[in-house]
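Below is one structure; the comments refer to it alone.
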Amino acid sequence: MRDVDVAAAYDNAAAAWKRGPEAAYARMAEALVATAPVPLAGARVLDVGAGTAVAGRAALAAGAASVVAADIATGMLRYRGPGIDAVCADAARLPFGSGTFDLVTASFCLGHLPEPARAVEEIRRVSTALSASAFTPDWTHPVKAAVDEAMAGFGFAIPIWYRELKEGREAAVNDPDALERLARGAGFSDVRVVRLEVDTGLSSAADIVDWRLGMAHLAAFFQGLPADVQVEARAAAEAAVGDSDPVVIPILALSAS
């Protein structure tokens, strides 16, 4: 798996991500920022692996004085919203001086990195506090498989890069002990990992399908279908989802200082 492939997938998915997954990820970002180990009022915040900067926006809403969003997928950064500066930067090689920030947020990005330990060391260099999230290893939801299977009927196959990401990089950081080791290894001494249950607000079949079709591994495929086939494929996905309970996602929230 090449980082350039991952970045390209997220760049290509940016508009679809904004329409779909962002709403769910914004709720998870709000839950993460609420566990920050330092006061947000007046804070200088760096949002690493920011994507569309949902964590950065949550920090602003909580009173942060300034936010910088950093990501290698510049297409995602274009949707960061007002009041947030942006920089194209590798999380393991941040272009900032030591102690520049009061807090770094890393919302679901550590599992995308080839060197998460190096990235957390860089985060520790530029800030004395970190809030990071990861998915729990045991979480899944039937609607995920339902949409994938509906799209498979139109030719979709899970990309190799995505399978490798889920089975390799994410698996290396999606348990509390692994997150704690990363933080302590980088020099953080006050470290806490909690499990949070986040109601994403997704409940209708249409909203759930927007969420899944905006994910980076599916967006390019769906966007490449002819317009009439998109209509048919979307209808098939919504029928496959049917009635669903609200989607609640368990996440791990790391607080380190």
Side-chain angles (χ1 to χ4, degrees), residues 1 3 5-6 9-10 13 17 20-37 48-51 54-55 91-92 104-121 123 130-149 151-152 157-186 188 191-202 208 211-212 214-218 241 244-256:
M1 173 179 48
D3 289 338
D5 294 331
V6 178
Y10 278 89
W17 180 280
E22 186 186 83
Y25 278 79
R27 292 226 181 166
M28 290 186 279
E30 290 167 1
L32 172 65
V33 167
T35 70
V48 167
V54 288
V104 173
T105 60
S107 178
F108 300 108
C109 82
L110 297 180
H112 287 189
L113 305 176
E115 300 177 281
R118 177 75 184 100
V120 178
E121 289 170 1
I123 288 168
L130 167 64
S131 290
S133 55
F135 292 109
T136 60
D138 57 338
W139 181 76
T140 187
H141 196 287
V143 298
K144 296 171 66 177
V147 175
D148 282 359
E149 289 167 9
M151 290 300 111
I158 295 174
I160 293 174
W161 69 263
Y162 184 76
R163 192 180 300 279
E164 291 178 349
L165 184 74
K166 288 293 181 182
E167 295 175 357
R169 294 182 183 181
E170 282 197 3
V173 301
N174 67 354
D175 75 78
D177 291 341
L179 286 174
E180 182 172 345
R181 283 195 300 271
L182 281 174
R184 293 195 184 280
F188 292 104
V191 180
R192 183 170 65 107
V193 180
V194 297
R195 179 184 169 113
L196 305 174
E197 302 280 334
V198 181
D199 183 349
T200 63
L202 301 172
I208 288 170
W211 162 44
R212 298 313 299 167
M215 296 296 288
H217 71 292
L218 260 170
V241 168
S244 173
D245 293 330
V247 177
V248 176
I249 300 180
I251 69 171
L252 299 175
L254 165 69
S255 171

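- Taking the six-membered ring for Trp and thresholds of 30 and 60 degrees, Phe135 and Trp139 have nearly parallel ring planes, at less than 30 degrees apart.
- Summarising the geometry of Ala183 relative to Val120, their closest heavy-atom pair is CA-CG1, 4.2 Å, with the distance given to 0.1 Å.
- Within the 4.5 Å cutoff, no side-chain heavy atoms of Leu252 are placed close to those of Val194.
- Rounding to the nearest 0.5 angstrom, the gap separating the CG atom in Leu32 from the OG atom in Ser131 is 5.0 Å.
- Remark: the backbone N or O of Gly111 is not paired with any side-chain donor or acceptor of Arg169 at under 3.5 angstrom.
- A side chain to side chain contact (heavy atoms under 4.5 Å, CB included) with Val173 is found for one member of Pro137, Cys109, Pro116 and no other, namely Pro116.
- Nearest approach of Glu197 to Pro250, heavy atoms of both residues: OE2-CB, 3.6 Å.
- Taking Glu149 as the reference, nothing meets the salt bridge (charged side-chain N to carboxylate O under 4.0 Å, His left out) condition, with sequence neighbours excluded.
- Separating the CG atom in Leu182 from the CG atom in Asp177 is a distance of 11.0 Å, to the nearest 0.5 Å.
- Here the CE atom belonging to Met151 is positioned 11.5 Å from the CZ atom belonging to Arg212, to the nearest 0.5 angstrom.
- Atom CD1 of Ile251 sits about 10.5 Å away from atom CZ of Arg195, to the nearest 0.5 Å.
- Around the CZ atom of Arg118, the shell of radius 6.0 Å holds more than 12 heavy atoms that belong to other residues, nucleotides or ligands.
- When the ring-ring contact (aromatic ring centres under 6.0 Å, His included) test is applied to Tyr25, the partners found at least two apart in sequence or on another chain are Trp17, Phe108.
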